[in-house]
Amino acid sequence: MEPTQFKPVDCLHFINGQFVSSLDGKTFDNINPSTEQVLGTVAEGGAAEIHLAVKAAKKALKGPWMKMGANERVAILRKVGDLILARQDQLAALESMDTGKPIWLSGSIDIPRSAYNFHFFSDYIRTITTETTQMDNIALNYAVRSPLGVIGLINPWNLPLLLLTWKLAPALAAGNTVVMKPAELTPMTATVLAEICRDAGIPDGVVNLVHGFGPNSAGAALVEHPDVNAISFTGETSTGKVIMASASKTLKRLSYELGGKNPNIIFADSNMDEVIETTLKSSFINQGEVCLCGSRIYVERSAYQGFLDKFVAKSRELVVGDPFEPTTKVGALISEEHYERVMGYIELAVEEGGTILLGGKRPEGLDKGYYLEPTIITGLNRDCRVVQEEIFGPVVTVIPFDSEDDLLDQVNDTQYGLSATVWTNDLRRAHRVAGQIEAGIVWVNTWFLRDLRTPFGGVKQSGIGREGGLHSFEFYSELKNICIKL
Ligand code: NDP
């Protein structure tokens, strides 16, 4: 079908309020993962462009953005949200072309939530207070909050605009200036976002964007730059380790949202229809390329076979294919490299003794594009790499458990600790199990339900720090205590 009336955009850097090419004119091709065709070109930035962007951001710290009153800043940030909504159809189309995700998903979740991030954090500015502390009749202390400075925002490809705005909105609300480095695989909505920020009235130099690669290039240069005060990073745990080592040289503040291998725990007493409906989403939405996906499914043994029969049958019905077809539920994986990686895990599952109950292959008739059928694997034990490592595709393992102790032992036996879901109608068990799971977020009888005021982040190797509401402001600002002797 004719995908959309919107054309792909070529992607330039946005530095000091201007769209610019790389100094040496270098570009790379942007590939559509659902067709394998070239969408357009992307300026390939490196250390030189990062340097210019950081210089502009540093200068802007002394400019109108800093001097602006709260009312004006709130109005501008709200306008960014409004303009995202005004261009929602275009942004949704670009996001689906770039990522391969179904258009209904970009249109109903990614883009509206991106706008909401701006609306939410602009409203939040007015709720921020600081503490005062009186020492008897000796002294009065009060804390003042100020921006942190120049912030580097480094993002992955799975939820490009949603995650970028999740960082950008609070960073700006707290008064900082930024340099954004989106994933090279998904540059288009970031480019439009820069235009929206300009159109909303954000002064030159406050928001800068440099496209390019991560290792030994634009990403690394941003992390190393001495004038960047903090890095907010979302991506793989292994990348986080590299960034931490590099950022240690300039002792930058770091916020980390990293990988996950999240358990989806199903007790026999839960409402199975509700479980199946939500588990289809938590397993396969966005092709399983969501850090919060429940890729390890644990089912109480008495319900195991019944769950599997229904889950396999319903998963078989999910339509895989063209992201622009309204019936499509699962689109294309992000790139050939990632497709090969996910397929490698499916081969490994067989080597490790697993059974592929469903999927594990390219759907018939889809010869172009990185398509993979929803894949359900059983028969693996907790030590298998397929159960331990993040696959980040439409691939889940299903494992039975016999008792709460057995369950918790297995669930917590991983390097990750991002999120978990518990399905049960037993209130006391829900509290008991949720409290013992090693994860930053536990959902009971739901998944992906987010109130942006609540803390978001992982434990163990899934992250450092929390985002959301005040937690985001804490990261993106400095507190100074002023002590006055009375
Ligand atoms: P990567 O870690 O590969 O990349 C993330 C970003 O970091 C990209 O922009 C990348 O650039 C850049 N980068 C890579 N190496 C460096 C480096 N040495 N220095 C600076 N920047 C660098 O993650 P993916 O893009 O593959 O994203 C998928 C991962 O993100 C999964 O592990 C997923 O779980 C995680 N994630 C976590 C979330 C959370 O909230 N916890 C949410 C969403 C995703 P480029 O790729 O352009 O070269």
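Just so you know, these numbers use all the heavy atoms, side chains as well, and skip hydrogens, waters and symmetry mates. Residue numbers count from 1 along this sequence. Remember, it's 1-based here, ligands and their atoms both numbered in the order they're listed.
Listed by number with element, the atoms of ligand 1 under 4.0 Å from a non-hydrogen atom of Leu163 are 42 (C), 43 (C). Close contacts of ligand 1 with Pro215, meaning ligand atoms under 4.0 Å from a residue heavy atom, involve 14 (C), 15 (N), 16 (C), 17 (C), 18 (N), 48 (O). Counting atoms of ligand 1 from 1 in the listed order, those under 4.0 Å from a heavy atom of Leu418 are 41 (N). Against a heavy-atom cut-off of under 4.0 Å, Phe456 is close to the following atoms of ligand 1: 40 (O).
Heavy-atom distances between Tyr256 and ligand 1 stay at or above 4.0 Å for every pair. Not close to ligand 1: Gly463, with no non-hydrogen atom less than 4.0 angstrom away. Contact annotation: Ala218 has no heavy atom less than 4.0 Å from any atom of ligand 1. For the ligand labelled ligand 1, residue Gly458 lies outside the 4.0 Å heavy-atom shell. Residue Gly240 places every heavy atom at 4.0 Å or more from ligand 1.
The closest heavy-atom contact to atom 40 (O) of ligand 1, among the options His338, Glu257, Glu289, comes from Glu257. Considering only non-hydrogen atoms, atom 16 (C) of ligand 1 lies nearest to Thr239 out of Val290, Asn262, Thr239. Ranked by closest heavy atom to atom 12 (C) of ligand 1, the top entry among Ile154, Val242, Ile391, Ile334 is Ile154. Across the listed options Met180, Lys261, Glu184, Glu184 owns the non-hydrogen atom lying nearest to atom 47 (O) of ligand 1.
No donor-acceptor pair closer than 3.5 Å links the side chain of Ser295 to the backbone N or O of Lys261.
The two atoms that bring Pro160 and Lys101 nearest to each other are CD-NZ, 4.3 Å, heavy atoms only. Between Val320 and Pro374, the closest heavy-atom pair is CG2-CD, 3.6 Å. A pairwise comparison of heavy atoms in Asp227 and Lys58 identifies OD1-NZ, 3.6 Å as the closest pair.
Tested against Thr279 for a side chain to side chain contact (heavy atoms under 4.5 Å, CB included), the candidates Trp447, Phe284, Trp423 yield a single pass: Trp423.
Here Leu258 has backbone heavy atoms under 4.0 Å from ligand 1, and that is the only part of it that gets that close. Contacts with ligand 1 closer than 4.0 Å are made by heavy atoms of both the backbone and the side chain of Thr234. At a heavy-atom distance under 4.0 Å, only side-chain atoms of Asn158, from C-beta outward, approach ligand 1. Proximity of Asn155 to ligand 1, defined as any heavy-atom pair under 4.0 Å, is confined to the backbone N, CA, C and O atoms. Neither the backbone nor the side chain of Ser246 comes within contact range of ligand 1; no heavy atom lies under 4.0 Å.
Ring planes of Tyr116 and Phe120: tilted class, angle from 30 to 60°. Between Phe19 and Phe14, the ring-plane angle classifies as tilted under the 30° and 60° cut-offs.
In this structure, Arg341 is not positioned above the aromatic face of Phe392 in the sense of NZ or CZ being under 6.0 Å from the six-membered ring centre and within 45° of the axis.
Residues Arg78 and Asp123 are paired through a salt bridge, judged by an N-O separation under 4.0 Å between the basic side chain and the carboxylate. Of the charged side-chain nitrogens involved, none lies within less than 4.0 Å of a carboxylate oxygen, so that Arg296 and Glu390 do not count as a salt-bridged pair.
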